[in-house]
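Report on the structure given below.
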Amino acid sequence: QVQLVESGGGLVQAGGSLRLSCAASGRTFSTYAMAWFRQAPGKEREFVVAISRSGGDTYAADSVKGRFTISRDNARNTVYLQMNSLKPDDTAVYYCAADSSIVVLTTQYRRVEVWGQGTLVTVSS
């Protein structure tokens, strides 16, 4: 099973940008669809963005469309989340996730196979 480690979180002002990274261990990275989720204090974990195994298809929640972009580099076993035009409502712990099914990642997060430990993003107003 792939292991995931997120990095890149921090404190930014509204309107700023951050780039998160998720490093995966092992040689099976390219067999997984990948996604980013987030969880704000007092709220349920929610889907943010997802990408297919090859990187050819991406999906994004309505709340981040046009601002967040997911990408992956299978040669480096890494998935990225580029976040632009950040808003205070984007403040959350961001989690990297992997699953053999992108459908699970986009619609059935409670069944996701592998989670990273999370990285905190705080957007000040």
Where do Val2 and Ser25 come nearest, in terms of heavy atoms and distance? CG2-O, 3.3 Å

Separation of Thr28 OG1 from Gln3 CD (nearest 0.5 Å): 9.5 Å

Would you say Val123 ends up clustered with Tyr94 if hydrophobic residues are merged whenever their side chains have heavy atoms under 4.5 Å apart, either directly or through other cluster members? yes

Start with the C-alpha distance between Asp90 and Met83, add both sets of side-chain angles, then the distance that settles side chain to side chain contact (heavy atoms under 4.5 Å, CB included), and finish with yes or no. CA-CA 9 Å; Asp90 295 321; Met83 304 185 293; over 6 Å; no

Given side chain to side chain contact (heavy atoms under 4.5 Å, CB included), test Val112 with Leu105 step by step and report yes or no. CA-CA 6 Å; Val112 168; Leu105 289 171; 3.8 Å; yes

Validation row: Trp115, Arg45 side chains within 4.5 angstrom (heavy atoms): yes

Is it true that Arg111 and Asp99 make a salt bridge, defined as a side-chain N closer than 4.0 Å to a carboxylate O? no

Give the cluster check for Val93 versus Leu11: same hydrophobic cluster or not, with ILVMFWY residues linked at side-chain heavy-atom distances below 4.5 Å. no

Less than 4.5 Å apart, side chain to side chain, heavy atoms only: is that true for Val121 and Leu18? yes

What distance do Ser30 atom OG and Asn74 atom CG have between them, rounded to the nearest 0.5 Å? 5.5 Å

If we ignore angles and hydrogens, is there a donor and acceptor under 3.5 Å between the side chains of Glu44 and Tyr109? yes

Which heavy atom of Ser71 sits nearest to which heavy atom of Val79, and what is that distance? O-CG2, 3.0 Å

Can you tell me if Glu113 and Ser100 form a side-chain donor-acceptor pair at under 3.5 Å? yes

Within the 4.5 Å heavy-atom criterion, are Thr58 and Val49 side-chain neighbours or not? no

Side-chain heavy-atom pair Phe29, Arg76 within 4.5 angstrom cut-off: no

Gln82 side chain near Ser17 side chain, heavy-atom distance below 4.5 Å: yes

Residue pair Arg72 / Met34, side-chain heavy-atom distance below 4.5 Å: yes

Taking the six-membered ring where the residue is Trp, are the ring centres of Trp36 and Phe47 under 6.0 Å apart? no

Could you tell me if Arg38 sits above the aromatic ring of Tyr95, with its cationic atom closer than 6.0 Å to the ring centre and no more than 45 degrees from the axis? no

For salt bridge (Lys or Arg N to Asp or Glu O under 4.0 Å), just list the numbers for Asp62 and Lys65, CA-CA rounded to whole Å, side-chain angles, deciding distance to a tenth of an Å, and then say yes or no. CA-CA 5 Å; Asp62 289 342; Lys65 284 181 178 177; 3.2 Å; yes

Minimal heavy-atom distance between Ala24 and Leu4, with the atoms involved, is CB-CD2, 3.7 Å

Does the side chain of Ile51 reach to within under 4.5 Å of the side chain of Tyr59, using non-hydrogen atoms? no

If you group Ile, Leu, Val, Met, Phe, Trp and Tyr by side-chain heavy-atom gaps below 4.5 Å, do Phe68 and Leu20 land in one group? yes

Interatomic distance, SG@Cys22 vs CG@Leu81, rounded to 0.5 Å, equals 10.5 Å

Distance-only, no hydrogens or angles: does the Thr107 side chain make a donor-acceptor pair with backbone N or O of Val104 under 3.5 Å? no

Considering non-hydrogen atoms only, spot the tightest contact between Ala40 and Thr91 and give its length. CB-O, 3.6 Å

Atom OH of Tyr32 and atom CZ of Arg53: how far apart are they, to the nearest 0.5 Å? 11.5 Å

Return yes if a side-chain donor-acceptor contact under 3.5 Å exists between Glu6 and Gln117, otherwise no. yes

Would you say Tyr80 and Arg19 make side-chain contact, with heavy atoms under 4.5 Å? yes

Between Asp73 and Thr78, do the side chains contain a donor N or O and an acceptor N or O under 3.5 Å apart? no

